[in-house]
Amino acid sequence: MAALTMTVEEAIDRVGLGRFQYKLMAICGAGWAADAMEVLLISFALPAIRQEWGLTTAQAGLLGTAIFLGMLAGAWFWGTLSDRIGRKLGFILTVLIDSGFGLLSALSPNFATLVLLRALTGFGVGGTLPVDYAIFAEYLPRQQRGRYLVYLEAFWALGALIAAGLAWLIVPRVGWRPLLAISALPGLIVFWIRRYVPESPRFLLIHGREEEARAVLAQVARENGAPLPDGIRLVAPPAPPVTVGDLWRRPYTRTTALLWLIWFGISLGYYGVFTWLPTLFVQRGLTFLRSYEYIFILTLAQLPGYFSAAYLVEQIGRRKTLGLYLIASGIFTYLFAAAVSLPAYVGAAIWMSFFALGAWGALYAYTPEAYPTQLRTTGMGAASGMTRIAGALAPTLGGYLLGVSMPLALTAFAAAYLISGVAALSLPYETKGRPLADVVGEI
């Protein structure tokens, strides 16, 4: 009797969503929360760091820029490497790098050392983001993929919430160094757990390692309680070597151009505002302690933003959700700039936070689905590299524009959101309900 043949997509759909994916989401999510803490805690600690070393606004902006330059190098390096040698090595090492150097940051004897260590921290964080999303997407059944990719992004808000809470409790009392040290510990724990996650069966199959791919799928099936038939044969189209240049060849040219624009714009808007958020609240007459209280509330608003986006990406699609949430982010960022009373200011900031983080979730759902397995982490890494470029520019640009006018700075960041929203609505196709492609040329 001939062996039953199926693709990895069909096998994953057959075993369904279950215990394996829930565990993987928790493992990936814990790493994401740790990364969020590493990226955002500097903005929470920045007022105290400036006070200790007497930093200028330009120097403070350089500290925010350093981690994004590291993230840019990490995204491009780990994204391309993971499409060539597999997801697992990057999945393990990136979280060790960002947490290890994050911990060393707490011991920085001077400003220059702190800048260097934050850049090295960013090298790990930049690699974690594309690799985690690729490996998680490749284990998800088609019908639940979009929703659960947004759920994974929600762990970023959880990490941001923990970082804001720790900053509120720690910085005014014992300073910024304990904040950096404590925030690095979760990632070191996650490193040990990640060693037990198997390689992506999609990657194994397209690189001719069918027996290993079958073994991994059998493990997933056992954990989910939905065993596959004995003796199945996995099939995949031949996979010729690819390069980063394939991102700019048909049928991906327009998708790549628009995604790079969207990732750049959302990052410029988000980090331009959130890096300087404590400073913005202090300029409104609040004490540092009260500013941390309001930032904690704003961060809390990110969670329902994610969950609403997780619902909508499976109802109206990824493109519409992403475009509408980006446009709403721009509108509320402008209202944040135009507000004249504290209640209006805080209210606009809450809705800005809600829609901005929901947009991030929809973007992370769309991007890995837009590229085939051969190019998935390369595409994710290259697109998220645009985020790092914008993130590197945003603190310095924000510092300059704030020196001119706070409404001017916020209006510029609102415009970045709006342009990204129009680009999202112009993406060439919807990925909702589509099978993941495996080789270049498929969409």
Given the options Asn224, Ile27, Leu17, Tyr22 meets side-chain contact (heavy atoms from CB on, under 4.5 Å) only with Leu17

query = Under 6.0 Å between the ring centres of Phe123 and Trp76?
reply = no

Scanning both residues in full, the closest heavy-atom pair of Tyr148 with Phe136 reads O-CE2, 3.4 Å

Between Phe336 and Ala349 the two heavy atoms that sit nearest each other are CE1-CB, 3.6 Å

Is there a side-chain contact between Leu418 and Tyr334 (heavy atoms, below 4.5 Å)? no

If you measure from the Lys or Arg side-chain nitrogens to the Asp or Glu carboxylate oxygens, is any gap between Glu210 and Arg214 under 4.0 Å? yes

Trp156 vs Tyr306, side-chain contact (heavy atoms from CB on, under 4.5 Å): CA-CA, chis, key distance, verdict: CA-CA 10 Å; Trp156 184 275; Tyr306 281 123; 3.7 Å; yes

From the list Glu314, Glu138, Glu9, salt bridge (Lys or Arg N to Asp or Glu O under 4.0 Å) with Arg145 holds only for Glu9

In short, Thr321 meets Ala362 closest at the heavy-atom pair CG2-CB, 4.1 Å

| Considering only heavy atoms from C-beta outward, does the side chain of Phe264 approach that of Leu393 to under 4.5 Å? | yes

Requested in this report: Decide whether Thr5 and Arg233 meet the rule of one side-chain donor and one side-chain acceptor closer than 3.5 Å.
Outcome: no

Exercise. Taking the side chain from Arg118 and the backbone from Ala66, do they hold a donor-acceptor pair closer than 3.5 Å?
Worked result: no

Lys/Arg-Asp/Glu bridge criterion (N-O < 4.0 Å) met for Glu199, Lys88: no

Could you walk me through whether Tyr366 and Ile262 satisfy the side-chain contact (heavy atoms from CB on, under 4.5 Å) test, starting with their C-alpha distance in whole Å, then the side-chain angles of each, then the deciding distance to 0.1 Å, before giving a yes or no?
CA-CA 12 Å; Tyr366 185 93; Ile262 296 165; over 6 Å; no

For Glu212, the salt bridge (Lys or Arg N to Asp or Glu O under 4.0 Å) test, sequence neighbours excluded, returns Arg209

